[in-house]
Undergrad: 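I am attaching a structure below and will ask some questions about it afterwards.
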Amino acid sequence: MYVGIDVGTSVVKAAAFDGGGRQLAVESRPVELSLHGGFVEQDMDEVYGAVVDVLGRLTGRLPEPVELAGLTGQGDGVWLVDGEGRPVRSALSWMDGRAHELLDRWLADGTFETVFRRTGGAMFPGSPGPLLAWLDLYDPKSLDAAAAAVYCKDMVFQRLTGAARATTDVSDASMPFLDPRTRSYDNRVVELLGLTRRRRLLPPVGDPITTGEAREGLPAGTRISNGPYDLPACALGAGVTEPGDGLLIVGTCLAALVATTELDLSGEPAGLYISTDRHGHRLRAMPAMVGTAALDWVLSTTGVTHAEVDELLASTPPGARGVRVLPYFAPSGERAPFVEPHLRAELSGVSLETTPADLIRATCEGIGYAARHCLEAAGLTGALAVCGGGTRSSAWMQLLADVLGRPLRVVEGEVGARGAVLAAAERYGVSLDAGVWTEPTAIVEPDAGRSAYYSKGFQEHLGRLDEARGRAGR
């Protein structure tokens, strides 16, 4: 029996799998986000308590002992902890926008581009560099009191295992301080961001991922590994390991990932290279800020439920009767496949005759265009897998296949938790058949006629986006 733990932004989940990768049971618990004036924070004790709770409920249902567990969770943000992994202050989420003025300055003076050319990471307001620099300016006492500035899963791992010090892994460390060639911190980047005196807060990088034995949540002594974080964990859980193959995660964050052995630090700075446990193998990642959150906002505004989405998508034609949506709803702007902290969503073509179905289809099409933009920028050439909460809508999956113009390998279930288990098995030398574990649930083929229509629509989308970026950058 194997357990995967996925500490998400809004929900903490734990899933159990048998030796053949069959998902046997899942337990989950929501956690709160505090949003106020562009600040987005989380209570670390609440998050950790949710982990212990779901693990207790899950393992209480299992008929067999747990052989090992893998841990993953949301990336970026800043989680300041003391020497025992306990919070010094509330965690700053990856969704946080407070550091946008610092990022504006770095965009203007060339620091942003210099960092990208060194590490392959295009900083955004909720990434650790800007947030740590903001804390150093406005909340230095919290940094003074902290033993480490870690990521979500690292806090959980230290407290579950009682480890003497916090560690992270190469995937979480990839943004923005890790040199992808040496797989160690680039002290010049630390200096460029004005954080040299805070260098001690960067946790040691476990390479390969750190392991330990649980003392809480899981049965005492259960072997557990720390990482990778949720994006690369989902890639593992979806079987995306061959260069050129890609994954689209249709969740709160719309994330496009493409496996690669290349490192190209030229071109427009955007996204990041995520290092993996396989030396020389990386993921070119374009994690957009808003995915299903954009659709959720439209559903809430129109009073439509998720259960009605498929029917409404079928009731209005491609093109949504002229309604267009640029789906950049995040208060901190966009981070992939470009960085623009001031970009906001735009709706056009709306009239008194516009229906909720038109708005919903236009939003789904806009998200699809954003996904195509990200995947092309990431270098997709091979097969494409898709996972996340959006896969529950068959009509939306068909729309995505049509917009992207390629088949979708739909992988359902707790894909991040599955990937965390596969990473743990690799680390511990436990033989699991990754091909069987990552078989798709379904293949969705695109419709040729609709794909041709959406290919033209994508070019129009890029034109509207260029105009919107021009307005946002003024």
Side-chain angles (χ1 to χ4, degrees), residues 9 33-42 74-80 88-146 149 151 174-177 186 188-199 201-202 253 268-272 286-290 293 326 328-346 465-474:
T9 304
L33 278 171
S34 170
L35 292 82
H36 51 96
F39 290 28
V40 185
E41 300 186 350
Q42 286 194 283
Q74 57 179 295
D76 295 305
V78 168
W79 298 61
L80 293 178
V88 167
R89 67 175 320 281
S90 296
L92 281 62
S93 168
W94 61 271
M95 299 174 69
D96 196 284
R98 73 187 70 190
H100 71 87
E101 290 183 357
L102 281 172
L103 194 63
D104 287 345
R105 185 193 310 163
W106 293 338
L107 282 163
D109 68 15
T111 299
F112 171 87
E113 182 170 351
T114 298
V115 170
F116 178 82
R117 302 299 176 209
R118 296 181 71 93
T119 70
M123 294 181 292
F124 63 99
S127 58
L131 288 177
L132 283 170
W134 188 95
L135 288 167
D136 193 45
L137 287 171
Y138 300 108
D139 188 10
K141 290 184 178 179
S142 290
L143 296 184
D144 293 342
Y151 303 83
S174 295
M175 171 66 87
F177 299 112
D186 184 331
R188 176 57 179 155
V189 171
V190 177
E191 179 185 0
L192 285 167
L193 302 189
L195 293 169
T196 299
R197 72 191 187 101
R198 302 298 186 181
R199 172 66 174 78
L201 294 175
L202 300 185
C253 163
E268 179 177 4
L272 73 155
M286 294 290 174
M289 285 302 296
V290 175
L326 291 176
Y328 306 102
F329 286 81
S332 54
E334 189 50 273
R335 61 177 176 174
F338 54 86
V339 175
E340 179 44 73
H342 302 286
L343 185 64
R344 296 295 180 267
E346 295 186 6
L465 176 59
D466 283 344
E467 294 174 359
R469 289 182 66 184
R471 290 189 292 271
R474 288 173 185 166

Undergrad: Can you name the closest pair of heavy atoms from Leu131 and Gly77 and give their distance?
TA: CD1-CA, 3.8 Å
Undergrad: Test side-chain contact (heavy atoms from CB on, under 4.5 Å) on Val339 and Leu103 and set out the steps.
TA: CA-CA 10 Å; Val339 175; Leu103 194 63; 4.0 Å; yes
Undergrad: For the residue pair Asp76 and Pro128, establish whether any side-chain heavy-atom pair is separated by less than 4.5 Å.
TA: yes
Undergrad: Which heavy-atom pair separates Met175 from Tyr151 by the least distance, and what is that distance?
TA: O-OH, 3.3 Å
Undergrad: Give the minimum heavy-atom separation between Met289 and Ala330, together with the two atoms involved.
TA: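 Nearest pair, atom of Met289 first, then Ala330: CB-CB, 3.6 Å.
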Undergrad: Please report the shortest heavy-atom distance between Pro176 and Val189, naming the atom on each side.
TA: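 In terms of heavy atoms, the two residues are closest at O-CG1, 3.7 Å.
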Undergrad: Asp96 side chain to Gly126 main-chain N or O, any donor-acceptor pair under 3.5 Å?
TA: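 Judged by distance alone, no pair lies under 3.5 Å.
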Undergrad: Would you check if Arg117 and Pro269 make a side-chain contact, meaning some heavy-atom pair closer than 4.5 Å?
TA: yes
Undergrad: Is there a side-chain contact between Arg198 and Leu132 in this structure, where contact means two heavy atoms from C-beta onward sitting under 4.5 Å apart?
TA: no
Undergrad: Where is the tightest heavy-atom contact between Phe338 and Leu465, given as atom of each residue plus distance?
TA: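 Heavy-atom minimum between the residues: CE2-CD2, 3.6 Å.
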Undergrad: Working to the nearest 0.5 Å, report the span between CG of Asp144 and CZ of Arg197.
TA: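 Those atoms lie 6.5 Å apart.
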Undergrad: Walk me through it: do Arg469 and Glu334 pass the test side-chain contact (heavy atoms from CB on, under 4.5 Å)?
TA: CA-CA 10 Å; Arg469 289 182 66 184; Glu334 189 50 273; over 6 Å; no
Undergrad: Are side-chain heavy atoms of Leu107 and Pro341 found at a separation under 4.5 Å?
TA: yes
Undergrad: Could you tell me whether a side-chain N or O of Arg335 sits under 3.5 Å from a main-chain N or O of Ala122, the two making a donor and an acceptor?
TA: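 No, the answer is negative, given that no donor and acceptor are paired below the 3.5 Å cut-off.
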Undergrad: Could you walk me through whether Glu346 and Glu467 pass the side-chain contact (heavy atoms from CB on, under 4.5 Å) check?
TA: CA-CA 11 Å; Glu346 295 186 6; Glu467 294 174 359; over 6 Å; no
Undergrad: Are the side chains of Leu195 and Leu202 in touch, meaning some heavy atoms are under 4.5 Å apart?
TA: no
Undergrad: A side-chain contact here means heavy atoms from C-beta on lying under 4.5 Å apart; do Leu35 and Ser93 qualify?
TA: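 Side chain of Leu35 against side chain of Ser93, heavy atoms only: no contact under 4.5 Å found.
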Undergrad: Distance from Leu192 atom CG to Arg118 atom CZ, nearest 0.5 Å?
TA: 7.0 Å
Undergrad: So which heavy atom on Arg344 is nearest to which on Gly333, and how close?
TA: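 Heavy-atom minimum between the residues: NH1-N, 3.5 Å.
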Undergrad: State whether the number of non-hydrogen atoms from other residues, nucleotides or ligands found under 6.0 Å of Glu268 atom CD is greater than 12.
TA: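 More than 12 within 6.0 Å, yes.
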Undergrad: Measure the CG-CG distance between Leu80 and Leu92 for me, rounded to the nearest 0.5 Å.
TA: 7.5 Å
Undergrad: Is there a side-chain contact between Glu41 and Arg98, using heavy atoms and a 4.5 Å cut-off?
TA: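 Heavy-atom side-chain distance check passes, below 4.5 Å.
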Undergrad: Out of Leu143, Val78, Asp136, which residue meets the side-chain contact (heavy atoms from CB on, under 4.5 Å) rule with Leu201?
TA: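 Among Leu143, Val78, Asp136, the one that satisfies the side-chain contact (heavy atoms from CB on, under 4.5 Å) with Leu201 is Leu143.
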Undergrad: Do Val190 and Phe177 have side-chain heavy atoms sitting under 4.5 Å apart?
TA: yes
Undergrad: Can Phe112 and Arg105 be said to form a side-chain contact (heavy atoms from CB on, under 4.5 Å), step by step?
TA: CA-CA 9 Å; Phe112 171 87; Arg105 185 193 310 163; over 6 Å; no
Undergrad: Check for me whether the distance between the ring centres of Trp106 and Phe116 falls short of 6.0 Å.
TA: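 Between Trp106 and Phe116, the centre distance exceeds or equals 6.0 Å.
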